Amino acid sequence: MKKILLITMVLFVISSIKAQNQLLIPPTLTGPNFNLTIDYDSVQFFPGVFTQTAGVNGSILGPTLIINNGDVVTMNVENKLVDTTTMHWHGVHLPSEMDGGPHSKIFPNTTWTPSWTSMERASTMWYHPHLHHKTYKHVMMGVSGLIINKDSDEGALDLPRDYGIDDIPLIFQTKVMDANYQIDANMMNSVMDTLFLANATRNAYFDAPAQIVRFRILNGSPMRVYNIGLSNGNDFWVIGSDGGLLSAPVQNNRLLIAPGERYEILVDLSGMQGQNISILNYGTGIPSSTYGSGTMMGGGAIQNYNNNHLNGADFTMLSLNVIAQTLNPITTIPATLVSVNPYSQSNVDENRQFTFTSTGGQSGPFLINGNTFDMSQVNYVIPLNNKEIWSFTNQTPIAHPFHIHDVQFNILEINGAAPPLHMQGWKDILLIPGHMSTAKFITKFEDFADDNIPFMYHCHMLVHEDEGMMGQFTVVDNNTLIVDHNNTNKTLLKTIDIFGRETNANNQLLFYIYDDGTVEKKIIIE
Ligand code: C2O
Ligand code: CU
(Lines give C-alpha, C1' and ligand atoms only; values in the text may rest on other atoms or scores of the structure.)
(Ligands and ions follow the chains in the order given, each with its own letter.)
Protein backbone atom coordinates (compact mmCIF):
# COMPACT_ATOMS: atom_id res chain seq x y z
CA MET A 1 0.00 0.00 0.00
CA LYS A 2 2.71 2.46 1.04
CA LYS A 3 4.68 1.54 -2.03
CA ILE A 4 1.79 2.33 -4.32
CA LEU A 5 1.27 5.65 -2.59
CA LEU A 6 4.94 6.49 -2.98
CA ILE A 7 4.93 5.57 -6.67
CA THR A 8 1.84 7.68 -7.17
CA MET A 9 3.51 10.63 -5.49
CA VAL A 10 6.65 10.22 -7.58
CA LEU A 11 4.52 10.07 -10.73
CA PHE A 12 2.69 13.17 -9.66
CA VAL A 13 5.99 15.00 -9.28
CA ILE A 14 7.21 13.72 -12.65
CA SER A 15 3.98 14.71 -14.34
CA SER A 16 4.04 18.20 -12.94
CA ILE A 17 7.46 18.95 -14.42
CA LYS A 18 6.65 20.82 -17.61
CA ALA A 19 9.57 19.44 -19.60
CA GLN A 20 8.91 19.64 -23.31
CA ASN A 21 9.20 16.72 -25.64
CA GLN A 22 9.95 16.81 -29.34
CA LEU A 23 6.82 16.25 -31.41
CA LEU A 24 6.72 12.74 -32.81
CA ILE A 25 6.38 12.74 -36.59
CA PRO A 26 4.84 9.43 -37.70
CA PRO A 27 6.90 7.77 -40.46
CA THR A 28 5.40 7.65 -43.94
CA LEU A 29 4.56 4.62 -46.04
CA THR A 30 4.02 4.75 -49.77
CA GLY A 31 2.12 2.11 -51.71
CA PRO A 32 0.81 0.51 -53.65
CA ASN A 33 1.10 -2.28 -51.05
CA PHE A 34 0.85 -1.29 -47.42
CA ASN A 35 1.71 -3.71 -44.62
CA LEU A 36 0.02 -2.65 -41.41
CA THR A 37 0.37 -4.67 -38.22
CA ILE A 38 -1.75 -3.79 -35.22
CA ASP A 39 -0.04 -4.84 -32.01
CA TYR A 40 0.52 -3.95 -28.37
CA ASP A 41 3.59 -2.16 -27.13
CA SER A 42 4.37 0.52 -24.56
CA VAL A 43 5.20 4.22 -24.47
CA GLN A 44 6.87 6.34 -21.80
CA PHE A 45 4.52 9.31 -21.68
CA PHE A 46 6.09 9.89 -18.28
CA PRO A 47 9.83 9.12 -18.25
CA GLY A 48 10.55 5.77 -16.64
CA VAL A 49 6.91 4.74 -16.58
CA PHE A 50 5.85 2.23 -19.19
CA THR A 51 2.26 2.69 -20.33
CA GLN A 52 0.79 -0.15 -22.34
CA THR A 53 -0.44 0.99 -25.74
CA ALA A 54 -1.45 -0.38 -29.11
CA GLY A 55 -0.32 0.93 -32.48
CA VAL A 56 0.20 0.14 -36.12
CA ASN A 57 3.78 -0.88 -37.05
CA GLY A 58 4.93 0.82 -33.84
CA SER A 59 4.12 1.47 -30.24
CA ILE A 60 1.36 4.04 -30.80
CA LEU A 61 -0.52 5.67 -33.71
CA GLY A 62 0.55 4.39 -37.14
CA PRO A 63 2.47 5.39 -40.23
CA THR A 64 1.12 8.17 -42.45
CA LEU A 65 -0.04 6.52 -45.66
CA ILE A 66 0.77 8.51 -48.81
CA ILE A 67 -1.69 7.70 -51.59
CA ASN A 68 -1.86 9.29 -55.05
CA ASN A 69 -5.11 9.73 -56.92
CA GLY A 70 -5.37 6.76 -59.28
CA ASP A 71 -3.15 4.43 -57.23
CA VAL A 72 -4.46 0.88 -56.92
CA VAL A 73 -3.70 0.21 -53.28
CA THR A 74 -3.73 -3.01 -51.29
CA MET A 75 -3.71 -3.02 -47.51
CA ASN A 76 -2.46 -6.03 -45.58
CA VAL A 77 -3.88 -5.41 -42.13
CA GLU A 78 -2.66 -7.93 -39.59
CA ASN A 79 -4.35 -8.05 -36.19
CA LYS A 80 -2.07 -9.10 -33.36
CA LEU A 81 -4.42 -7.89 -30.63
CA VAL A 82 -6.25 -10.41 -28.48
CA ASP A 83 -9.46 -8.62 -29.54
CA THR A 84 -11.19 -8.83 -32.86
CA THR A 85 -11.01 -5.43 -34.56
CA THR A 86 -11.56 -3.74 -37.95
CA MET A 87 -9.73 -1.04 -39.88
CA HIS A 88 -11.75 1.77 -41.41
CA TRP A 89 -10.41 4.25 -43.97
CA HIS A 90 -12.18 7.37 -42.73
CA GLY A 91 -13.26 9.70 -45.53
CA VAL A 92 -12.20 7.45 -48.39
CA HIS A 93 -14.68 6.76 -51.22
CA LEU A 94 -14.42 3.02 -51.82
CA PRO A 95 -16.55 -0.15 -52.06
CA SER A 96 -18.35 -1.00 -48.82
CA GLU A 97 -16.54 -4.34 -48.73
CA MET A 98 -13.20 -2.47 -48.41
CA ASP A 99 -14.48 0.19 -46.00
CA GLY A 100 -13.57 -1.61 -42.78
CA GLY A 101 -16.81 -0.93 -40.93
CA PRO A 102 -18.17 -3.18 -38.17
CA HIS A 103 -19.00 -5.89 -40.74
CA SER A 104 -15.39 -6.43 -41.86
CA LYS A 105 -13.99 -8.16 -38.81
CA ILE A 106 -10.31 -8.96 -38.48
CA PHE A 107 -10.01 -11.79 -36.00
CA PRO A 108 -6.89 -12.08 -33.82
CA ASN A 109 -3.86 -13.33 -35.72
CA THR A 110 -5.49 -12.93 -39.10
CA THR A 111 -4.83 -10.52 -41.95
CA TRP A 112 -7.46 -8.57 -43.89
CA THR A 113 -6.55 -7.52 -47.41
CA PRO A 114 -8.79 -4.87 -48.91
CA SER A 115 -7.86 -3.24 -52.19
CA TRP A 116 -9.21 -0.25 -54.11
CA THR A 117 -8.36 2.48 -56.59
CA SER A 118 -7.88 5.88 -55.01
CA MET A 119 -10.40 8.41 -56.31
CA GLU A 120 -9.53 11.02 -53.69
CA ARG A 121 -8.83 14.69 -54.14
CA ALA A 122 -5.72 15.86 -52.32
CA SER A 123 -6.75 15.78 -48.67
CA THR A 124 -5.95 14.54 -45.19
CA MET A 125 -7.90 11.49 -44.04
CA TRP A 126 -7.27 8.86 -41.41
CA TYR A 127 -7.67 5.24 -40.43
CA HIS A 128 -8.91 3.72 -37.20
CA PRO A 129 -10.64 0.58 -35.88
CA HIS A 130 -14.44 0.44 -36.12
CA LEU A 131 -15.70 -2.73 -34.42
CA HIS A 132 -19.06 -2.11 -32.81
CA HIS A 133 -18.66 -1.57 -29.02
CA LYS A 134 -14.85 -1.58 -29.39
CA THR A 135 -14.07 1.51 -31.47
CA TYR A 136 -13.54 3.67 -28.38
CA LYS A 137 -11.30 1.08 -26.75
CA HIS A 138 -9.03 0.44 -29.72
CA VAL A 139 -8.64 4.13 -30.55
CA MET A 140 -8.02 4.94 -26.87
CA MET A 141 -5.26 2.28 -26.78
CA GLY A 142 -3.55 4.17 -29.60
CA VAL A 143 -4.63 2.75 -32.96
CA SER A 144 -5.09 5.65 -35.41
CA GLY A 145 -3.07 6.96 -38.34
CA LEU A 146 -3.19 9.58 -41.06
CA ILE A 147 -3.70 9.24 -44.80
CA ILE A 148 -2.33 11.96 -47.07
CA ASN A 149 -4.06 11.88 -50.44
CA LYS A 150 -2.20 13.58 -53.27
CA ASP A 151 -3.35 14.73 -56.67
CA SER A 152 -2.01 16.84 -59.53
CA ASP A 153 -4.14 19.93 -58.73
CA GLU A 154 -2.58 20.18 -55.30
CA GLY A 155 0.83 19.32 -56.72
CA ALA A 156 0.64 22.35 -59.01
CA LEU A 157 0.15 24.80 -56.14
CA ASP A 158 2.86 26.62 -54.22
CA LEU A 159 2.12 24.95 -50.90
CA PRO A 160 4.45 23.59 -48.25
CA ARG A 161 4.76 19.84 -48.76
CA ASP A 162 8.01 18.71 -47.14
CA TYR A 163 6.59 16.15 -44.71
CA GLY A 164 7.83 16.72 -41.18
CA ILE A 165 9.65 19.94 -42.20
CA ASP A 166 7.03 22.46 -43.34
CA ASP A 167 4.09 20.07 -43.86
CA ILE A 168 3.28 18.79 -40.41
CA PRO A 169 0.82 16.07 -39.44
CA LEU A 170 -0.92 16.89 -36.15
CA ILE A 171 -3.08 14.31 -34.42
CA PHE A 172 -4.68 15.78 -31.32
CA GLN A 173 -5.97 13.19 -28.87
CA THR A 174 -6.67 12.77 -25.19
CA LYS A 175 -6.27 9.68 -23.05
CA VAL A 176 -7.81 8.56 -19.80
CA MET A 177 -5.08 7.39 -17.41
CA ASP A 178 -5.61 5.27 -14.31
CA ALA A 179 -3.80 5.64 -10.98
CA ASN A 180 -0.95 3.43 -12.26
CA TYR A 181 -0.53 5.59 -15.36
CA GLN A 182 -2.02 2.96 -17.62
CA ILE A 183 -4.55 3.84 -20.29
CA ASP A 184 -8.08 3.32 -19.02
CA ALA A 185 -9.97 2.16 -22.12
CA ASN A 186 -13.24 1.59 -20.31
CA MET A 187 -15.94 3.84 -21.80
CA MET A 188 -17.48 4.27 -18.35
CA ASN A 189 -14.52 6.49 -17.45
CA SER A 190 -14.35 8.48 -20.68
CA VAL A 191 -15.08 11.76 -18.90
CA MET A 192 -11.61 11.81 -17.31
CA ASP A 193 -9.55 12.18 -20.49
CA THR A 194 -7.08 14.47 -18.77
CA LEU A 195 -3.92 13.59 -20.71
CA PHE A 196 -3.62 15.72 -23.85
CA LEU A 197 -1.25 14.50 -26.59
CA ALA A 198 -0.10 15.91 -29.92
CA ASN A 199 1.06 12.99 -32.09
CA ALA A 200 1.17 10.87 -28.94
CA THR A 201 3.62 13.37 -27.41
CA ARG A 202 3.00 15.04 -24.06
CA ASN A 203 3.99 18.75 -23.78
CA ALA A 204 5.12 18.67 -27.40
CA TYR A 205 7.34 21.20 -29.17
CA PHE A 206 8.27 21.44 -32.81
CA ASP A 207 11.13 23.35 -34.47
CA ALA A 208 9.28 25.17 -37.22
CA PRO A 209 11.07 27.14 -39.97
CA ALA A 210 10.48 30.91 -40.25
CA GLN A 211 8.22 30.66 -43.28
CA ILE A 212 4.75 29.44 -44.14
CA VAL A 213 4.12 26.12 -42.44
CA ARG A 214 1.25 23.77 -43.21
CA PHE A 215 -0.41 21.78 -40.45
CA ARG A 216 -2.69 18.86 -41.26
CA ILE A 217 -4.82 18.72 -38.15
CA LEU A 218 -6.87 15.70 -37.13
CA ASN A 219 -9.02 15.80 -34.04
CA GLY A 220 -8.58 12.12 -33.21
CA SER A 221 -10.02 12.48 -29.72
CA PRO A 222 -12.77 10.17 -28.65
CA MET A 223 -15.13 12.92 -27.40
CA ARG A 224 -13.52 16.33 -27.19
CA VAL A 225 -14.00 19.37 -29.45
CA TYR A 226 -11.09 21.86 -29.72
CA ASN A 227 -11.02 25.55 -30.53
CA ILE A 228 -7.64 26.20 -32.13
CA GLY A 229 -5.83 29.52 -32.17
CA LEU A 230 -2.32 31.01 -32.01
CA SER A 231 -0.83 32.36 -28.78
CA ASN A 232 0.37 35.58 -30.45
CA GLY A 233 -3.15 36.39 -31.60
CA ASN A 234 -2.21 36.16 -35.29
CA ASP A 235 -4.60 34.83 -37.90
CA PHE A 236 -3.93 31.67 -39.90
CA TRP A 237 -5.39 30.38 -43.15
CA VAL A 238 -7.59 27.32 -43.54
CA ILE A 239 -6.81 25.70 -46.90
CA GLY A 240 -8.53 22.32 -46.67
CA SER A 241 -11.36 20.48 -44.94
CA ASP A 242 -12.16 16.77 -44.56
CA GLY A 243 -12.42 15.85 -48.26
CA GLY A 244 -10.16 18.29 -50.08
CA LEU A 245 -8.72 21.75 -50.52
CA LEU A 246 -10.96 24.84 -50.40
CA SER A 247 -11.33 27.13 -53.40
CA ALA A 248 -9.25 29.78 -51.63
CA PRO A 249 -7.50 30.12 -48.25
CA VAL A 250 -9.85 31.35 -45.52
CA GLN A 251 -8.29 33.71 -42.97
CA ASN A 252 -9.37 32.76 -39.45
CA ASN A 253 -8.40 33.51 -35.90
CA ARG A 254 -10.04 30.46 -34.36
CA LEU A 255 -10.95 27.03 -35.67
CA LEU A 256 -13.46 24.72 -34.03
CA ILE A 257 -12.61 21.08 -34.77
CA ALA A 258 -14.79 18.17 -33.68
CA PRO A 259 -13.86 14.48 -33.24
CA GLY A 260 -12.96 12.92 -36.60
CA GLU A 261 -12.66 16.24 -38.46
CA ARG A 262 -9.59 17.35 -40.37
CA TYR A 263 -8.52 20.82 -41.40
CA GLU A 264 -5.32 21.89 -43.12
CA ILE A 265 -4.06 25.31 -42.07
CA LEU A 266 -1.18 27.57 -43.07
CA VAL A 267 0.63 29.52 -40.35
CA ASP A 268 2.95 32.36 -41.36
CA LEU A 269 6.12 32.29 -39.25
CA SER A 270 8.12 34.55 -41.60
CA GLY A 271 10.52 36.85 -39.78
CA MET A 272 9.90 35.17 -36.46
CA GLN A 273 13.15 33.22 -36.12
CA GLY A 274 14.12 32.83 -32.45
CA GLN A 275 10.58 33.36 -31.22
CA ASN A 276 8.32 30.87 -29.58
CA ILE A 277 4.63 30.76 -30.29
CA SER A 278 2.07 28.12 -29.46
CA ILE A 279 -0.95 26.50 -30.95
CA LEU A 280 -3.52 26.71 -28.18
CA ASN A 281 -6.86 25.20 -27.45
CA TYR A 282 -9.03 28.20 -26.55
CA GLY A 283 -11.42 26.09 -24.53
CA THR A 284 -13.00 29.20 -23.02
CA GLY A 285 -14.36 29.96 -26.50
CA ILE A 286 -15.93 26.56 -27.20
CA PRO A 287 -19.69 27.06 -27.62
CA SER A 288 -21.77 25.91 -24.68
CA SER A 289 -23.18 22.37 -24.73
CA THR A 290 -20.28 21.28 -26.91
CA TYR A 291 -18.06 18.62 -25.32
CA GLY A 292 -14.93 20.45 -24.17
CA SER A 293 -16.68 23.68 -23.23
CA GLY A 294 -16.97 24.84 -19.63
CA THR A 295 -20.72 25.28 -19.89
CA MET A 296 -22.86 22.27 -20.60
CA MET A 297 -26.45 23.47 -20.48
CA GLY A 298 -29.56 21.41 -20.07
CA GLY A 299 -30.55 18.40 -18.04
CA GLY A 300 -28.83 15.13 -17.31
CA ALA A 301 -25.38 16.59 -16.71
CA ILE A 302 -22.41 14.35 -17.51
CA GLN A 303 -21.15 13.03 -14.22
CA ASN A 304 -17.74 14.36 -13.16
CA TYR A 305 -17.53 16.58 -16.25
CA ASN A 306 -16.46 19.56 -14.17
CA ASN A 307 -13.70 17.51 -12.52
CA ASN A 308 -11.77 17.34 -15.79
CA HIS A 309 -9.50 20.38 -15.84
CA LEU A 310 -9.38 20.39 -19.66
CA ASN A 311 -13.06 21.30 -19.96
CA GLY A 312 -13.48 24.97 -20.69
CA ALA A 313 -9.74 25.56 -20.27
CA ASP A 314 -7.21 27.31 -22.50
CA PHE A 315 -4.10 25.11 -22.86
CA THR A 316 -1.09 24.64 -25.11
CA MET A 317 -1.47 21.95 -27.78
CA LEU A 318 1.91 22.42 -29.45
CA SER A 319 4.70 24.83 -28.83
CA LEU A 320 6.61 26.10 -31.88
CA ASN A 321 10.27 27.16 -31.70
CA VAL A 322 10.82 29.20 -34.82
CA ILE A 323 14.14 28.27 -36.46
CA ALA A 324 15.94 29.29 -39.67
CA GLN A 325 14.20 29.08 -43.04
CA THR A 326 14.62 26.04 -45.25
CA LEU A 327 16.36 26.38 -48.62
CA ASN A 328 13.20 26.82 -50.68
CA PRO A 329 10.68 28.30 -48.31
CA ILE A 330 7.09 29.09 -49.21
CA THR A 331 6.62 32.68 -48.10
CA THR A 332 3.28 33.73 -49.55
CA ILE A 333 -0.25 32.48 -49.00
CA PRO A 334 -1.70 31.47 -52.38
CA ALA A 335 -4.64 33.64 -53.50
CA THR A 336 -6.63 30.69 -54.81
CA LEU A 337 -6.43 26.93 -54.48
CA VAL A 338 -8.58 24.48 -56.47
CA SER A 339 -12.02 24.63 -58.03
CA VAL A 340 -14.67 23.30 -55.70
CA ASN A 341 -17.99 22.47 -57.36
CA PRO A 342 -20.55 21.79 -54.65
CA TYR A 343 -23.63 19.74 -55.55
CA SER A 344 -26.45 21.90 -56.89
CA GLN A 345 -29.82 21.70 -55.18
CA SER A 346 -31.71 21.06 -58.40
CA ASN A 347 -32.95 17.54 -59.17
CA VAL A 348 -32.54 16.18 -55.69
CA ASP A 349 -33.75 12.55 -55.62
CA GLU A 350 -34.43 12.18 -51.93
CA ASN A 351 -34.77 14.23 -48.75
CA ARG A 352 -34.14 12.35 -45.54
CA GLN A 353 -34.83 13.61 -42.04
CA PHE A 354 -32.85 12.64 -38.97
CA THR A 355 -33.77 13.49 -35.41
CA PHE A 356 -31.41 12.92 -32.50
CA THR A 357 -32.91 12.23 -29.11
CA SER A 358 -31.41 11.30 -25.78
CA THR A 359 -32.39 8.63 -23.34
CA GLY A 360 -30.33 10.37 -20.63
CA GLY A 361 -29.69 14.10 -20.99
CA GLN A 362 -26.18 15.08 -22.01
CA SER A 363 -24.71 11.63 -21.44
CA GLY A 364 -27.08 9.55 -23.56
CA PRO A 365 -27.26 6.91 -24.91
CA PHE A 366 -28.56 8.78 -27.96
CA LEU A 367 -30.97 7.64 -30.66
CA ILE A 368 -31.20 8.48 -34.35
CA ASN A 369 -34.86 8.61 -35.45
CA GLY A 370 -35.76 6.74 -32.29
CA ASN A 371 -33.44 3.82 -33.05
CA THR A 372 -30.31 2.46 -31.54
CA PHE A 373 -27.83 0.70 -33.84
CA ASP A 374 -28.91 -2.77 -34.92
CA MET A 375 -26.34 -4.66 -36.93
CA SER A 376 -29.06 -6.77 -38.57
CA GLN A 377 -31.10 -3.77 -39.73
CA VAL A 378 -30.27 -1.80 -42.86
CA ASN A 379 -31.82 1.59 -42.14
CA TYR A 380 -31.81 2.92 -45.70
CA VAL A 381 -31.46 1.45 -49.15
CA ILE A 382 -30.18 4.18 -51.42
CA PRO A 383 -30.38 3.88 -55.20
CA LEU A 384 -27.01 4.29 -56.90
CA ASN A 385 -26.44 7.85 -58.16
CA ASN A 386 -29.08 9.31 -55.85
CA LYS A 387 -28.53 12.94 -54.99
CA GLU A 388 -29.89 13.49 -51.49
CA ILE A 389 -30.35 16.18 -48.88
CA TRP A 390 -30.02 14.97 -45.32
CA SER A 391 -31.61 17.24 -42.70
CA PHE A 392 -30.99 17.01 -38.97
CA THR A 393 -32.76 18.15 -35.85
CA ASN A 394 -30.76 17.71 -32.68
CA GLN A 395 -33.22 17.51 -29.81
CA THR A 396 -30.50 16.55 -27.33
CA PRO A 397 -28.72 19.01 -25.02
CA ILE A 398 -25.27 18.36 -26.57
CA ALA A 399 -23.62 18.90 -29.99
CA HIS A 400 -22.93 15.77 -32.09
CA PRO A 401 -20.39 15.43 -34.94
CA PHE A 402 -22.36 13.45 -37.54
CA HIS A 403 -20.25 11.35 -39.91
CA ILE A 404 -21.20 9.42 -43.02
CA HIS A 405 -19.10 6.82 -44.82
CA ASP A 406 -18.73 6.46 -48.62
CA VAL A 407 -19.29 10.09 -49.59
CA GLN A 408 -18.17 13.66 -49.04
CA PHE A 409 -20.90 16.26 -48.69
CA ASN A 410 -21.47 20.01 -48.88
CA ILE A 411 -23.05 21.66 -45.85
CA LEU A 412 -26.13 23.66 -46.87
CA GLU A 413 -27.07 25.20 -43.58
CA ILE A 414 -26.56 25.15 -39.84
CA ASN A 415 -29.47 26.64 -37.88
CA GLY A 416 -30.81 28.14 -41.08
CA ALA A 417 -27.63 29.98 -42.04
CA ALA A 418 -24.95 29.15 -44.60
CA PRO A 419 -21.89 27.60 -42.96
CA PRO A 420 -18.75 29.72 -42.46
CA LEU A 421 -16.44 29.88 -45.50
CA HIS A 422 -13.97 27.26 -44.27
CA MET A 423 -16.88 24.77 -44.06
CA GLN A 424 -18.03 25.35 -47.63
CA GLY A 425 -15.80 22.71 -49.20
CA TRP A 426 -15.88 18.90 -48.93
CA LYS A 427 -16.82 17.46 -45.57
CA ASP A 428 -17.54 14.06 -44.07
CA ILE A 429 -18.30 15.33 -40.55
CA LEU A 430 -20.84 17.96 -39.56
CA LEU A 431 -20.92 19.20 -35.97
CA ILE A 432 -24.59 19.74 -35.20
CA PRO A 433 -25.12 22.00 -32.16
CA GLY A 434 -27.50 20.90 -29.41
CA HIS A 435 -30.83 22.20 -28.11
CA MET A 436 -33.11 21.88 -31.16
CA SER A 437 -30.46 22.98 -33.64
CA THR A 438 -30.89 22.02 -37.27
CA ALA A 439 -28.45 21.37 -40.11
CA LYS A 440 -28.51 20.10 -43.69
CA PHE A 441 -26.07 18.68 -46.20
CA ILE A 442 -26.27 17.56 -49.79
CA THR A 443 -24.43 14.58 -51.25
CA LYS A 444 -24.53 11.99 -54.01
CA PHE A 445 -24.10 8.22 -53.77
CA GLU A 446 -21.94 7.37 -56.76
CA ASP A 447 -19.87 4.43 -57.95
CA PHE A 448 -20.20 1.66 -55.38
CA ALA A 449 -23.37 -0.40 -55.23
CA ASP A 450 -23.46 -3.50 -53.04
CA ASP A 451 -26.69 -5.20 -52.02
CA ASN A 452 -25.19 -6.83 -48.97
CA ILE A 453 -22.53 -4.82 -47.23
CA PRO A 454 -23.71 -1.51 -45.79
CA PHE A 455 -21.94 1.77 -45.15
CA MET A 456 -22.28 3.45 -41.76
CA TYR A 457 -23.41 6.83 -40.49
CA HIS A 458 -22.92 7.78 -36.88
CA CYS A 459 -21.91 10.29 -34.28
CA HIS A 460 -18.10 10.46 -34.17
CA MET A 461 -18.00 10.89 -30.40
CA LEU A 462 -16.85 7.34 -29.89
CA VAL A 463 -18.81 6.68 -26.71
CA HIS A 464 -22.01 7.83 -28.43
CA GLU A 465 -21.19 5.66 -31.45
CA ASP A 466 -20.32 2.55 -29.43
CA GLU A 467 -23.49 3.04 -27.40
CA GLY A 468 -25.59 2.90 -30.56
CA MET A 469 -25.76 6.37 -32.14
CA MET A 470 -25.19 4.78 -35.52
CA GLY A 471 -27.11 3.45 -38.51
CA GLN A 472 -26.33 1.89 -41.87
CA PHE A 473 -27.31 2.10 -45.52
CA THR A 474 -26.71 0.10 -48.62
CA VAL A 475 -26.29 1.61 -52.05
CA VAL A 476 -28.04 -0.50 -54.69
CA ASP A 477 -28.06 -0.38 -58.44
CA ASN A 478 -31.78 -0.28 -59.30
CA ASN A 479 -31.10 -0.84 -62.96
CA THR A 480 -30.34 -4.46 -62.24
CA LEU A 481 -33.62 -5.01 -60.38
CA ILE A 482 -36.82 -6.15 -62.05
CA VAL A 483 -39.97 -4.87 -60.43
CA ASP A 484 -42.59 -7.12 -61.94
CA HIS A 485 -45.98 -6.94 -60.25
CA ASN A 486 -48.00 -8.40 -63.13
CA ASN A 487 -46.50 -11.79 -63.66
CA THR A 488 -49.40 -14.23 -63.15
CA ASN A 489 -47.74 -17.53 -64.00
CA LYS A 490 -46.18 -17.97 -60.61
CA THR A 491 -47.16 -17.55 -56.99
CA LEU A 492 -45.15 -15.59 -54.49
CA LEU A 493 -44.17 -17.83 -51.59
CA LYS A 494 -42.40 -15.32 -49.39
CA THR A 495 -40.39 -12.13 -49.27
CA ILE A 496 -37.11 -12.04 -47.37
CA ASP A 497 -34.60 -9.31 -46.61
CA ILE A 498 -30.86 -9.50 -47.15
CA PHE A 499 -30.47 -11.34 -43.86
CA GLY A 500 -33.00 -14.02 -44.87
CA ARG A 501 -35.73 -12.79 -42.55
CA GLU A 502 -39.30 -12.74 -43.82
CA THR A 503 -40.60 -9.19 -44.19
CA ASN A 504 -42.80 -6.96 -46.29
CA ALA A 505 -41.17 -3.70 -45.38
CA ASN A 506 -40.62 -1.20 -48.16
CA ASN A 507 -37.56 0.91 -48.83
CA GLN A 508 -35.16 -1.96 -48.72
CA LEU A 509 -33.82 -4.65 -50.93
CA LEU A 510 -36.05 -7.75 -50.82
CA PHE A 511 -35.82 -11.18 -52.38
CA TYR A 512 -39.11 -12.46 -53.78
CA ILE A 513 -39.20 -16.25 -53.68
CA TYR A 514 -41.66 -17.85 -56.14
CA ASP A 515 -43.18 -21.33 -56.29
CA ASP A 516 -41.45 -22.10 -59.58
CA GLY A 517 -38.09 -21.75 -57.87
CA THR A 518 -37.26 -18.31 -59.26
CA VAL A 519 -35.98 -15.49 -57.10
CA GLU A 520 -36.30 -11.82 -57.93
CA LYS A 521 -34.49 -8.99 -56.25
CA LYS A 522 -36.80 -6.03 -55.82
CA ILE A 523 -36.82 -2.75 -54.12
CA ILE A 524 -40.09 -0.91 -53.64
CA ILE A 525 -39.59 2.70 -52.72
CA GLU A 526 -42.53 4.01 -50.75
CU1 C2O B 1 -14.05 7.67 -38.41
CU2 C2O B 1 -17.38 5.48 -39.10
O3 C2O B 1 -15.68 6.57 -38.70
CU1 CU C 1 -22.89 12.18 -30.29
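Here, residue 1 is the first one in the sequence, and each next residue gets the next number. Just follow the structure's listing: the first ligand is 1, and inside any ligand the first atom is 1. Because the structure is predicted, anything quoted here is derived from the model rather than measured. Computation of the quantities below employed the complete heavy-atom set of this structure, encompassing side-chain atoms and omitting hydrogens, waters and symmetry-equivalent molecules.
Among the atoms of His128, an N, O or S atom is found under 2.8 Å from atom 1 (Cu) of ligand 1. In summary, no N, O or S atom of His460 is located under 2.8 Å from the Cu ion (ligand 2). Residue His460: an N/O/S atom is found under 2.8 Å from atom 1 (Cu) of ligand 1. At least one N, O or S atom of His405, from either the backbone or the side chain, sits less than 2.8 Å from atom 2 (Cu) of ligand 1.
A side-chain hydrogen bond (donor to acceptor under 3.5 Å, both in side chains) with Glu78 is found for one member of Thr37, Thr113, Asn35 and no other, namely Thr37. If you run side-chain hydrogen bond (donor to acceptor under 3.5 Å, both in side chains) between His90 and each of His130, Arg262, His405, only Arg262 comes through. None of His138, His128, Gln173 except one satisfies the side-chain hydrogen bond (donor to acceptor under 3.5 Å, both in side chains) rule with Ser144; the exception is Gln173.
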**OP:** Determine, stepwise, if the pair Gln408 / Asp428 fulfils side chain to side chain donor-acceptor pair (under 3.5 Å).
**Re:** CA-CA 5 Å; Gln408 293 290 324; Asp428 57 51; 2.9 Å; yes
Subject >> Steps toward side chain to side chain donor-acceptor pair (under 3.5 Å) verdict (Asn308, Asp193) >> reply: CA-CA 7 Å; Asn308 185 331; Asp193 62 327; 2.8 Å; yes
**OP:** Decide side chain to side chain donor-acceptor pair (under 3.5 Å) for Arg224 and Asn311; before the verdict, give the C-alpha distance in whole Å, the side-chain angles of both, and the deciding distance to 0.1 Å.
**Re:** CA-CA 9 Å; Arg224 183 169 294 284; Asn311 293 327; 2.9 Å; yes
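Nearest N/O/S atom of His90 with respect to atom 1 (Cu) of ligand 1 is recorded as ND1. Taking the N/O/S atoms of His400 in turn, the shortest distance to the Cu ion (ligand 2) belongs to ND1. Its N, O or S atom nearest to the Cu ion (ligand 2) is what matters here, and for His464 that atom is ND1. For atom 2 (Cu) of ligand 1, the nearest N, O or S atom contributed by His458 is named NE2. Looking only at its N/O/S atoms, His130 has NE2 as the one nearest to atom 2 (Cu) of ligand 1.
Atoms CE and OG, on Met297 and Ser288 in that order, are 5.0 Å from each other to the nearest 0.5 Å.
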